[in-house]
Number of protein chains: 2
Amino acid sequence: MSASKRDELIQKALNIFYRDGFHATGMDKIVKETGISKTSMYKHFRTKDDLIIATLRLRDELFRNQIFRRVEELGKTPKDQLLALFDVLDEWINGVEFNGCMFIKASGEYPLHSSPIHATAAEHKKLFLGFMLDIATQAGAKNPNELAEQLLLLKEGAIVTAHIRGPEGVIAPARAAAALLIDAQID
Amino acid sequence: MSASKRDELIQKALNIFYRDGFHATGMDKIVKETGISKTSMYKHFRTKDDLIIATLRLRDELFRNQIFRRVEELGKTPKDQLLALFDVLDEWINGVEFNGCMFIKASGEYPLHSSPIHATAAEHKKLFLGFMLDIATQAGAKNPNELAEQLLLLKEGAIVTAHIRGPEGVIAPARAAAALLIDAQID
DNA sequence: ACATACATGTACCGATCAGTACATCTTAAC
DNA sequence: GTTAAGATGTACTGATCGGTACATGTATGT
């Protein structure tokens with residue numbers, strides 16, 4: 001299977017898993033919706049779980065790159081970027097394809113910490129926290145570890161709440177809370 | 001089926017769904033682990049989805065009662081109770097049976113807002129927000145709606161993060177953030 | 001002993017599941 | 001034309017899925 005076919009499979013499978021869930025999506029549905037044959041799929045992925053992990057890794061890469069880029073566009077200084085995260089979240093949760101956090105869903109469906117799928121979701125969160133920590137450090141936060149963690153918790157809470165309830169009335173209080181926390185640590 | 005048998009089924013099914021997920025749990029597994037026959041199950045629940053909804057409703061009741069009681073035990077004043085929520089969360093996420101939020105999992109596996117299961121999860125969140133709003137109002141918050149929402153977002157973020165990464169280093173920053181937000185609104 | 005209510009046990013239905021096997025097709029290079 | 005690589009299509013395996021049907025067992029009241 002060519003690399004481009006493999007990438008196409010992962011991208012399309014990602015969209016289906018994100019929309020419908022992991023257990024609720026069988027391999028036959030993926031065949032039907034991607035137009036890629038089952039034989040081809042099993043040429044690149046030993047198991048369905050391996051395909052799921054590949055989709056999570058792609059999602060991690062696309063997601064962090066997108067957020068990083070957007071946050072840099074919207075925020076001129078590191079301090080501004082910390083707050084800009086919530087503007088980026090606002091754009092996302094109000095988008096038509098918003099369906100919550102793929103990693104939260106993955107760890108919900110694969111709850112054991114020993115599961116490679118759960119581990120991949122945990123890895124994403126770790127990387128994202130590192131991303132936040134970098135910016136908080138650059139912004140001169142008094143306790144960048146704490147601030148990064150707090151902003152991450154608000155982010156996760158906002159995403160989950162927007163997914164369950166809908167996006168209304170979620171980002172404004174999150175952003176206000178973030179502003180307060182940021183101002184408490186950064187001049 | 002007697003009421004007590006029905007309650008037993010719901011309680012046991014709740015534990016299984018919470019531990020293993022909804023789609024990953026078939027009716028035969030529930031039969032095997034509860035010792036209740038399939039015929040009996042279908043005497044009280046038209047469908048598996050109906051059983052899931054019953055487990056979510058029970059979970060909502062037990063959860064809110066438990067949190068409410070514990071928060072009142074740990075916090076003398078409404079202001080203290082707002083912060084005490086995070087101590088209660090700390091107890092929960094460090095417990096051996098902690099497996100994240102059942103409602104977040106449910107809405108993850110049933111993403112459509114039109115799904116009765118998703119709607120039941122959303123209802124729980126709405127009720128919990130109301131619970132927080134009551135305490136914030138009693139505590140004399142300047143903007144109780146905002147404060148309640150912010151504390152809920154921190155709570156959701158803490159739960160989700162503890163489930164994905166493990167409980168370490170989650171509640172301390174959440175609690176510190178909550179303290180700051182509370183002090184900003186309540187003398 | 002009999003009737004009734006409650007419950008169990010399990011075979012069965014049609015469908016779907018992950019993964020395998022293999023025949024066949026398409027394209028490209030030589 | 002031949003070979004090789006990449007891919008499709010689909011039947012198949014054994015298992016599981018939600019839900020139904022029905023025979024059988026148990027407990028209780030009369």
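Here is how names work: the chains are called A, B, and so on, in the same order as the sequence lines, proteins then strands, and each is numbered from 1.
A close approach under 4.0 Å does occur between a side-chain nitrogen or oxygen of A:Ser40 and OP1 or OP2 of D:dT8.
Taken to the nearest 0.5 Å, the CG atom of B:Leu82 stands 6.0 Å off from the CG atom of B:Leu147. Atom CG in B:Leu14 sits 13.0 Å away from atom NZ in B:Lys12 (nearest 0.5 Å).
Between the side chain of A:Thr39 and the base of C:dA21, at least one donor-acceptor pair of N or O atoms lies under 3.5 Å. Side-chain atoms of B:Lys48 stay outside donor-acceptor range of the base of D:dG19, with no qualifying N/O pair under 3.5 Å.
For the pair A:Leu9 CG and D:dT8 C1', the computed distance is 14 Å after rounding to whole Å. When the C1' atom of C:dC17 is taken as reference, atom CE of A:Met41 falls 14 Å away, rounded to whole Å. For the pair A:Phe45 CZ and C:dT20 P, the interatomic distance rounds to 15 Å; values are reported in whole Å. Computed from coordinates, the B:Lys43 NZ to C:dT8 P distance equals 9 Å when rounded to whole Å. One atom, OH of B:Tyr42, and another, C1' of C:dC12, lie 14 Å apart when rounded to the nearest Å. The interatomic distance linking A:Lys32 (NZ) with C:dC17 (C1') rounds to 13 Å, in whole Å. Atom-to-atom, NZ of B:Lys29 to P of D:dC17 comes out at 8 Å; the value is rounded to the nearest Å. Note: CD1 (A:Ile30) to P (D:dT10) measures 19 Å, nearest angstrom.
Comparing atom distances between the B:Lys5 side chain and each of C:dA18, C:dT8, D:dG19 picks out C:dT8 as nearest. In the set C:dT8, C:dA18, D:dT8, the nucleotide with an atom closest to the side chain of A:Met27 is C:dA18. Distances from the side chain of A:Asp28 to the nucleotides C:dC17, D:dG18, C:dT8 place C:dC17 closest. For A:Lys38, whose side chain is taken as the heavy atoms from C-beta onward, the closest listed nucleotide among C:dT20, D:dG18, C:dT8 is C:dT20.
Residue B:Leu129 is grouped with residue B:Ile186 when hydrophobic side chains (ILVMFWY) are merged at heavy-atom distances under 4.5 angstrom, including chains of intermediate members.
Take the nearest nucleotide of DNA chain C for B:Val31 and for A:Thr47: the residue whose nucleotide is more 5' is B:Val31.
Side-chain atoms of A:Gln81 and A:Gln138 include no donor-acceptor pair closer than 3.5 Å.
In this structure, B:His124 and B:Phe128 have tilted ring planes: the angle between them lies in the 30° to 60° band.
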